[in-house]
Every structure is written in structure tokens, then in C-alpha cells.
*Asks:* 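Handing you this structure, nothing more for now.
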Amino acid sequence: MAVTEPATTPHSAVAHDGILRRQSARESAARTYARSLPIVPVRARGLTIEGADGRRYLDCLSGAGTLALGHNHPVVLEAIRKVLDSGAPLHVLDLATPVKDAFTTELFSTLPAGLAGRARVQFCGPAGTDAVEAALKLVRTATGRSGLLAFTGAYHGMTAGALDASGGAQDVRVTRLPFPQEYRCPFGTGGDRGAELAARWTESLLDDPKAGTPAPAGMIVEPVQGEGGVHPAPAEWLRRMRAITAARGIPLVADEVQTGVGRTGTFWGVEHSGVAPDVMVMSKAIGGSLPLAVVVYRDDLDVWQPGAHAGTFRGNQLAMAAGAATMAYVREHRLADRAAVLGARMLGRLQGLATGYACIGDVRGRGLMIGIELVDPHRDPAPSAEGRDHPAADREGAPGPAPADPGLAAAVQQECLRRGLIVELGGRHSSVVRLLPPLTMTDEQAEAVLDRLSDALDAAARTHRPTATTGGGP
Ligand code: PMP
């Protein structure tokens, strides 16, 4: 396939380069997406972004999984315009407004049974990480305990508490538990057996008085680990986590920041297991592309004092209107079902593609959260749990998973970009190419995405020279 070129020579190409140059001169070294995606978006609609240089891209990053309806969906724009034209105040702290009332009604109509009838919502600061902080404070207040149970490979945000709950925890109050992984199973078994062993490890840490586990205020879990490399929580394992926490009076906190609003093929990610969490953390898609985050929890946990968790920006009226319109559209158009069907089809095609490439170690996902793990087939698997005693080795005499190849993943991302496709990288070693397209993507668009992606994979696989990494472990 031809590399994308602008249809005409854009007069803004010079401006485009200048903007990028000034960005790298003036913005923080901590900037992220801007490094691997040197794009200056000026227009966008649905799956498509147009850059200032006239190039068009199919956007499968979707604001890091925020844009359930893609860019600038008409119902979202209409909802925003309606608020603007109404003369309603845009800043209202946490006061009641008709817009907020409608948002809460819509949100509550989507909640899993078991939480729906007894839900409370706290409007917190506008980012996912703010909602995680609020949830942690809530369960610590409600239980009077300060420990936290969190999982390997987790990602919950960048503020202190959320960061501690994520994979690189520093906080001694956090007990790290194994999240089941099919491909790089820490127990070397994979499947139901791996999930069962992970559950037993959790149980034993909680019940062994000498395990050194600080009394937990809660367990926080992603129904599908996103940043950690697209690992769906097995349904049975999540039910076990529910039973284990319920039996010990430990609130279960589902971080639905990335999995919510239809993304995984059900409206909320926990619905795959039928589990009702005690607390749900939500952001991204619930704001319909604008900043908004909430914590939803069962009413008996609502023990904190007035002002226990405050903030100036808790009343974004435009985000609430956009979010309510997004959730209603997803519900009315059954876009969660659509994500399940389309996601399964895309996964199937990618798994077919993987058979032709030794460097595609694994293809996995749930709904429209899809990951392709790239490996270096020329290097030996690590000789541990993921190595020779891996189930693949037992069954077929084949070695276990090859080491991760983050360099190849980066090369695939760049080849995708050259072909007008924006993809995300994630995973423990940044070796997982991630797709998070809008739920509104058509069949034809999905085909175009897969064509560009397979072309990019082919180009990267042919030209990339593996870099020696320390990768390979989960
Ligand atoms: N939780 C999960 C599961 C996430 O994926 C993210 C962001 N990727 C966050 C929390 C943090 O959200 P934010 O970046 O809006 O703070």
C-alpha cells in the first residue's frame, strides 16, 4: 500500500513544521504521545484526523480510549452547543444543575445490577487519576484501614496514590497481587489453572497472619488491563476476587476508566463476569471527549464528611452534557454489542495474520480493546515460568514466549503512521501495539485499519533489526 501523501500541497505545511519545532523547544521533556506522533491535528471527524500539513489519519488511539463515538460526533457537538446557547453557567462548582441532573440519571441507568439501586456518585477532579484518588480515600475512610490490594501490571494514573496502586508502587501499604496473564503466565501454566493459582496466592496472602499484608481498605482492579498490555481479567477469576473480598469485608474497586461505556463489548467491563463491585472509578468516555471523572459506590460506604474530597473543577457542564449524550447514544444504538462483534472479527483476522509472522507473539483483547504483542523470535525465551515449562512447550514441544521486542513495536507504530494510521503502544515492555478505535467504526473502516496495520507489520518485520533488551519477563 502507498504511503499517505496529502492530496494537495497544503499552504499550512510550513506552519505545521513550525508548530512542532516550537513544541519540542518549549514543552516539557515529560511529553509523551507527541514524541511518537508528530502530528498537528486541525480537523477531526469520527475515526479521521487531519493534520495541519493536510495528511489524514485513521485514529485508533481515540484520545487514549476516550472517544467512544470518535471525534466530534454530531450528538456530542449538539449537546455542547445546546448548553452554550442556553446561557447556562459553565462553572458551577458542585452545585445542582439540570445538565448534571440529566447526566446522573443517564449514568445511573447504565450501572450493573447490584449497584444500581443503591448508588451514590461523587463528582471529583476531572481526570481518571482524580477518581482513583477519591476512591482510595473513600474506602480508607469507610474501612478505617489503610492497606491496598493492587495487581501486577496495573495502571491507575499519575498522581501519588494512583501511581502507588499502579505497577511501579513505592507505597509499603500496597500489596501486589498476580493478575492472570494467558501469554506470559507467571505460574507457567496459563488458562484456568494460571488464574486459579493467582486466586489462591491472593487468598493465602490475605489469610496468612505472617504474610506481611497491611490490613486492606480495598482491592483495585481493571476489568481489562489496558496500559499493562491488554489483558482481560478472566470472568471466573474476577468472580473469585469478588468472593474473596466480600468474605473478608474488603471493598472491591473496579477501575473502569478505560473499559467503560461499551469499549469491551459490554457497557461496563465488569459485566463480562456479572460481578457487582462496591466502587466504580470512571472517566474518559463518560465526558464525551471533555474532562470528567466520577466515583460511583454503594450507599453504605458514603461515610465521609462534607468537604472530605473537594475541588474547584467538579462541575464541567459541557463535559456532562457531552458525556450524557455519548452514554445515551451508546445505549440506544447498542454500541457495546457492536464493539463485541467487530472486536471479535478484528481479533480473528489479526490472529490469522499472526500465523505468518514469528515476531507476533500474541494477539488478544476484548471488544474494541485489542493488543498485538511483538517479540524477538531469534532470542531464547527466558528460562523461567514463561520459558520451557510453558504450556505451549509441554503440548507441542515448542519453546515458551520469546522475549518482548519494544523496538519492533515502535517500528510498527512508525510504519503505521507513515500509512496514515495512529496506534498506541503499551504493555510491560512497551512491546504491545494497541488498538482503541471508536465504537462507531464501520466495517469498511475496520478493513482499512487492518490493511494498513498488516502492511505496516510486514514492512517493520522485514526492516527492523532487533535491539538487545532486558525484555522477556511479564
Ligand atoms: N485508570 C485506568 C485504567 C487508565 O487506563 C487510566 C489512563 N490511561 C487512568 C486510570 C488515569 O486516567 P487519567 O490519565 O485521565 O488520569
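Computation of the quantities below employed the complete heavy-atom set of this structure, encompassing side-chain atoms and omitting hydrogens, waters and symmetry-equivalent molecules. Throughout, numbering of the chain's residues begins at 1 and tracks the sequence.
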*Asks:* Would the distance check show the side chain of E424 and the main-chain N or O of Q413 forming a donor-acceptor pair, the cut-off being under 3.5 Å?
*Replies:* no
*Asks:* Pair K284, E256 - check salt bridge (Lys or Arg N to Asp or Glu O under 4.0 Å), show working.
*Replies:* CA-CA 9 Å; K284 294 202 196 266; E256 292 267 9; over 6 Å; no
*Asks:* Do side-chain atoms of T48 reach the backbone of L58 as a donor and acceptor pair under 3.5 angstrom?
*Replies:* no
*Asks:* Within a reach of under 6.0 Å around CG of D192, are more than 12 heavy atoms found that belong to other residues, nucleotides or ligands?
*Replies:* no
*Asks:* Mind checking the CE-SG spacing from M441 to C60? Nearest 0.5 Å is all I need.
*Replies:* 5.5 Å
*Asks:* Does T110 offer a backbone N or O that forms a donor-acceptor pair with the side chain of W268 under 3.5 Å?
*Replies:* yes
*Asks:* Would you please test R428 and H231 for side chain to side chain contact (heavy atoms under 4.5 Å, CB included) and show each step?
*Replies:* CA-CA 11 Å; R428 270 77 158 165; H231 297 284; 3.3 Å; yes
*Asks:* For the pair R31 (side chain) and S28 (backbone), establish whether a donor and an acceptor sit closer than 3.5 Å, ignoring hydrogens and angles.
*Replies:* yes
*Asks:* Using the ring of each side chain (for Trp, its six-membered ring), is W304 parallel, tilted or perpendicular to H309, with breaks at 30° and 60°?
*Replies:* parallel
*Asks:* Can L353 and L350 be said to form a side chain to side chain contact (heavy atoms under 4.5 Å, CB included), step by step?
*Replies:* CA-CA 5 Å; L353 183 73; L350 287 167; 4.2 Å; yes
*Asks:* Where the side chain of R452 meets the backbone of C416, is there a donor-acceptor pair that is under 3.5 Å apart?
*Replies:* no
*Asks:* How long is the span from the CG atom in L206 to the CH2 atom in W201, to the nearest 0.5 Å?
*Replies:* 11.0 Å
*Asks:* Can you tell which of E182, E373, Q351 makes a side-chain hydrogen bond (donor to acceptor under 3.5 Å, both in side chains) with R364?
*Replies:* E373
*Asks:* Below 4.5 Å, heavy atoms only, C-beta onward: do R239 and E236 meet side chain to side chain?
*Replies:* yes
*Asks:* Can a donor-acceptor pair be found between the side chains of R248 and T245 at a distance below 3.5 Å?
*Replies:* no
*Asks:* Is the backbone N or O of G265 less than 3.5 Å from a side-chain atom of R366, with the two atoms forming a donor-acceptor pair by type?
*Replies:* no
*Asks:* Assess the residue pair R193 and E196 against the criterion (salt bridge (Lys or Arg N to Asp or Glu O under 4.0 Å)); give the C-alpha distance rounded to whole Å, side-chain angles, the decisive distance to 0.1 Å, and a yes or no.
*Replies:* CA-CA 5 Å; R193 180 82 185 133; E196 166 63 20; 5.6 Å; no
*Asks:* Which value, rounded to the nearest 0.5 Å, describes the distance between D455 atom CG and L450 atom CG?
*Replies:* 12.0 Å
*Asks:* Does D443 form a salt bridge (Lys or Arg N to Asp or Glu O under 4.0 Å) with R338? I'd like the steps, not just the answer.
*Replies:* CA-CA 10 Å; D443 291 347; R338 168 74 183 155; 2.7 Å; yes
*Asks:* Less than 4.0 Å between a side-chain N and a carboxylate O, is that true for R418 and E415?
*Replies:* yes
*Asks:* Any side-chain to backbone donor/acceptor pair from R263 onto L368? Under 3.5 Å, distance only.
*Replies:* yes
*Asks:* What distance separates M327 CE from L69 CG, expressed to the nearest 0.5 Å?
*Replies:* 11.0 Å
*Asks:* Could you tell me the separation between the OH atom of Y33 and the CG atom of L425, rounded to the nearest 0.5 Å?
*Replies:* 10.5 Å
*Asks:* Do T259 and T264 have side-chain N/O donor and acceptor atoms under 3.5 Å apart?
*Replies:* no
*Asks:* In sequence, state the C-alpha distance, the side-chain angles, and the governing distance for Q122 and Y297, and then conclude on side chain to side chain contact (heavy atoms under 4.5 Å, CB included).
*Replies:* CA-CA 8 Å; Q122 204 258 346; Y297 50 93; 4.1 Å; yes
*Asks:* Are R434 and E227 ion-paired here, with the side-chain N under 4.0 Å from a carboxylate O?
*Replies:* yes
*Asks:* Indicate whether the side chain of Q225 and that of Q181 have a donor and an acceptor atom separated by less than 3.5 Å.
*Replies:* no
*Asks:* So, D458 versus Y357: side-chain donor-acceptor pair below 3.5 Å or not?
*Replies:* yes
*Asks:* Give a yes or no on whether R118 atom CZ has more than 12 heavy-atom contacts from other residues, nucleotides or ligands under 6.0 Å away.
*Replies:* yes
*Asks:* Under a plain distance cut-off of 3.5 Å, with no hydrogens placed, do T440 and H73 share a side-chain donor-acceptor pair?
*Replies:* no
*Asks:* Closer than 3.5 angstrom, by distance alone: can the side chain of T129 be matched with the main-chain N or O of A162 as a donor-acceptor pair?
*Replies:* no
*Asks:* Please assess D278 against R242 for the test salt bridge (Lys or Arg N to Asp or Glu O under 4.0 Å), listing each intermediate value before the final yes or no.
*Replies:* CA-CA 9 Å; D278 305 295; R242 174 67 288 186; 2.9 Å; yes
*Asks:* Locate the shortest heavy-atom distance separating P377 from A402; write the atom from each residue and the value.
*Replies:* CA-CB, 4.1 Å
*Asks:* Are T152 and R176 close enough, and set up right, to give a side chain to side chain contact (heavy atoms under 4.5 Å, CB included), and what steps lead you there?
*Replies:* CA-CA 6 Å; T152 50; R176 187 75 39 200; 3.8 Å; yes
*Asks:* Could you grab the distance from atom CG of L136 to atom OG of S146, nearest 0.5 Å is fine?
*Replies:* 11.5 Å
*Asks:* Over all heavy atoms of both residues, which pair between H156 and I220 is shortest? Give the atoms and the distance, please.
*Replies:* CE1-CG1, 3.5 Å
